[in-house]
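The structure under discussion appears below in the form of C-alpha cells.
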Amino acid sequence: MTTTNLLDFDLEGLVAWCGQLGEKRFRATQLFRWIHQKGVSDFSLMSDLAKSLREKLAAQATITPLPVLTQQMSADGTIKWLFDVGGGNAVEAVFIPETDRGTLCVSSQAGCAVGCRFCSTGHQGFSRNLTTGEITAQLWFAEHFLRKHLNTDERVISNVVMMGMGEPLQNYSALVPALRTMLDDHGYGLSRRRVTVSTSGVVPMMDRLSQDCPVALAVSLHAPNDPLRDHLVPLNRKYPLAELMQACQRYLEFAPRDFITFEYCMLDGVNDQPEHARQLIELVRQSGKGAWCKFNLIPFNPFPESGLKCSPRGTVLEFGRLLNEAGIVTTVRKTRGDDIDAACGQLAGDVQDRTRVERRIVLQRMADIQLAPGGQDD
Ligand code: SAH
Ligand code: SF4
C-alpha cells in the first residue's frame, strides 16, 4: 500500500483525508498541531490520539522530511540548507536571523523556467515543480531544527519569503496549500503580511492569489521599460509592464492597506542609471495613486555565466536617493551570508553541477548525518 505524506496537506486537506479514515475534524486538527507545532513525525508519540488511530496512521501515512545534503552556517548567523529532492536535483532554504525577526527563504521549484539573465537558477533551467509537501518540509525542518538548536519552545521563524529557487506562481496548485499551512493558527500561525510571495510577474496567477490567499506580494521588476525588461525577465514578453502594473493595482484591492514591494536587482551599466530611476518614478506615478509600492534595491550577486556585474555602491545609493526623493520608499537590501553564498536568488549555484550534487548525496548517505527533527522533541 502506498503511504501518504501528511506534509502534503493544509488543514482542510488533512481534515478530508482523516474523514476517509472515519476521523472527525478535531482529530485532524490535533494531528496537524503535532506535526507543525511540535515537529513530531513519529505517530506513536502523539499521546492524545487513540492508540488505534496511531496504528492506522503508522500503516497509511508518513511525515517525510527532505533529506539534508549540506548545512552551512555563516558568521552572521545565516544558515543555508541544501535539500535532496531526488533525481540529482537539490533545492535550498536559507534562514536569516535579525534582531526583531527570523526569516526563512523557501524554494518552490527545482530550477526555473523563466530564465532571467541575472539569476543562476534561471541559467540552470527548469527541472520540476516541488510538491506541497516539499515546500512545507523546508519550513517544518528549519523551524524545528532551529528550536532544538537554540534550545527553545518559542517560534523561531516569524517570516517566510518565497524567494528561493523557482517561480512560485508557476507552481500555484502546490504553493497555495503550503501558504495556508504557514498562515494556519494550528500550523505556523504566521500573519498574512509576514508571508511574502515573490514573482517575476505571472499576471493571471497574481489575480488568483489575491482571491485564494492574499499574502504580501513582491514583484521582481528589474527594469523600467518593456525593451529592457523583455531582455532581463523574458516573461515580460507575455505579460508586459502595463499589464503587470494593472495586476498590482488589482491585487491591492484585495489586500487593502498593503503595498507591493518591487525588487530591483542593480546591474552595472544595464538598469542602474539616473534615467532608469526617472522612468521608474514615472511608471509608479502613472500606475497607481499615493504610496502604493516600495522598492528594494538588491545588489546583484554575480556568477560567471551571467556576464553581468554589480553596480558600484555609490550608484546603488544614488539610485535609491532619486526614488526616495520622489516619495517612493526605497531600501537597499543588506547582503547576508556572503561567506556561504546564501543571498536569495543565488541559491542554485551549488546545484548547477549535478554530478557534484550526486556525489554529495552519496557522501551524505555514507556519513549518515541525522539532521531531521521529529520523533523525540515532545
Ligand atoms: N522567481 C521569483 C522568486 C525567486 S527569485 C522571482 O523572480 O521573484 C528571488 C529574488 O532574487 C528575485 O527578486 C530575483 O530577481 C532575485 N535574484 C535572482 N538572481 C539574483 C542575483 N544573482 N543577484 C541578486 N538577486 C537576484
Ligand atoms: Fe526564475 Fe525568479 Fe530566477 Fe527569474 S529571478 S529565473 S523568475 S527564480
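Ligands are counted one by one from 1 in listed order, and the atoms in each one are counted from 1 as well. Because the structure is predicted, anything quoted here is derived from the model rather than measured.
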Mind running side chain to side chain donor-acceptor pair (under 3.5 Å) on Thr315 and Asp272 for me, showing each step along the way? CA-CA 7 Å; Thr315 309; Asp272 65 347; 4.7 Å; no
Non-hydrogen atom of Cys112 closer than 4.0 Å to ligand 1: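 Judged by the 4.0 Å heavy-atom criterion, Cys112 does not count as contacting ligand 1.
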Give the atoms of ligand 1, by number and element, whose distance to some non-hydrogen atom of [X] is under 4.0 Å.
{"X": "Gly166", "answer": "1 (N), 2 (C), 3 (C), 4 (C)"}
{"X": "Met162", "answer": "3 (C)"}
{"X": "Cys119", "answer": "18 (C), 19 (N)"}
{"X": "Ile298", "answer": "13 (O), 24 (C), 25 (N)"}
{"X": "Ser220", "answer": "6 (C), 7 (O), 8 (O), 12 (C), 13 (O), 15 (O)"}
{"X": "Thr199", "answer": "6 (C), 8 (O)"}

Contacts of Arg180 that satisfy side-chain hydrogen bond (donor to acceptor under 3.5 Å, both in side chains) - sequence neighbours left out: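 side-chain hydrogen bond (donor to acceptor under 3.5 Å, both in side chains) list for Arg180, sorted by chain: empty.
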Assess whether side chain to side chain contact (heavy atoms under 4.5 Å, CB included) is satisfied between Met205 and Glu167, documenting all intermediate values. CA-CA 11 Å; Met205 296 299 145; Glu167 169 48 59; over 6 Å; no
Under 4.0 Å, heavy atoms only, figure out whether ligand 1 is touched by the backbone of Glu167, its side chain, both or neither.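 Both backbone and side chain.
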Lys/Arg N to Asp/Glu carboxylate O, Arg278 vs Glu275, below 4.0 Å: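 Looking at Glu275 together with Arg278, the answer is yes, because their closest N to O distance falls below 4.0 Å.
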Ligand-residue contact atoms, ligand 2 with [X], heavy atoms, under 4.0 Å:
{"X": "Ser200", "answer": "7 (S)"}
{"X": "Gly115", "answer": "6 (S)"}
{"X": "Gly166", "answer": "8 (S)"}
{"X": "Cys119", "answer": "3 (Fe), 5 (S), 6 (S), 8 (S)"}
{"X": "Gly122", "answer": "6 (S)"}

Ring-plane angle category for [X] and [Y], please: parallel below 30°, perpendicular beyond 60°, tilted otherwise.
{"X": "Trp17", "Y": "Phe9", "value": "tilted"}
{"X": "Phe262", "Y": "Phe295", "value": "tilted"}
{"X": "His222", "Y": "Tyr264", "value": "tilted"}

Best match, Arg333, Met163, His222: closest heavy atom to atom 14 (C) of ligand 1: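 Selected option, by shortest heavy-atom distance: His222.
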Geometry only, no angles: is Ser120 polar-contacting ligand 1 at N/O separations under 3.5 Å?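 No, Ser120 has no N/O under 3.5 Å of an N/O on ligand 1.
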What do you reckon, does Phe303 have a nitrogen or oxygen under 3.5 Å from a nitrogen or oxygen of ligand 1?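 It does not: no N or O of Phe303 is found under 3.5 Å from an N or O of ligand 1.
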Could you give me the CA-CA distance, side-chain angles and deciding distance for Asn171 and Gln109, then say whether side chain to side chain donor-acceptor pair (under 3.5 Å) is met? CA-CA 7 Å; Asn171 186 15; Gln109 298 178 313; 5.8 Å; no
Okay, side chain of Gln37, backbone of Asp185: is any donor-acceptor separation there less than 3.5 Å?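 Yes: the side chain of Gln37 pairs with the backbone of Asp185.
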Atom 4 (Fe) of ligand 2 to nearest N/O/S of Cys116 less than 2.8 Å: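 Yes, since at least one N, O or S atom of Cys116 sits under 2.8 Å from atom 4 (Fe) of ligand 2.
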Do the side-chain N and O atoms of Arg27 and Gln30 include a donor-acceptor pair separated by under 3.5 angstrom?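 Short answer, yes.
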Shortest non-hydrogen contact from Phe83 toward Leu69: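 Phe83 and Leu69 have their closest heavy atoms at C-CD1, 4.2 Å.
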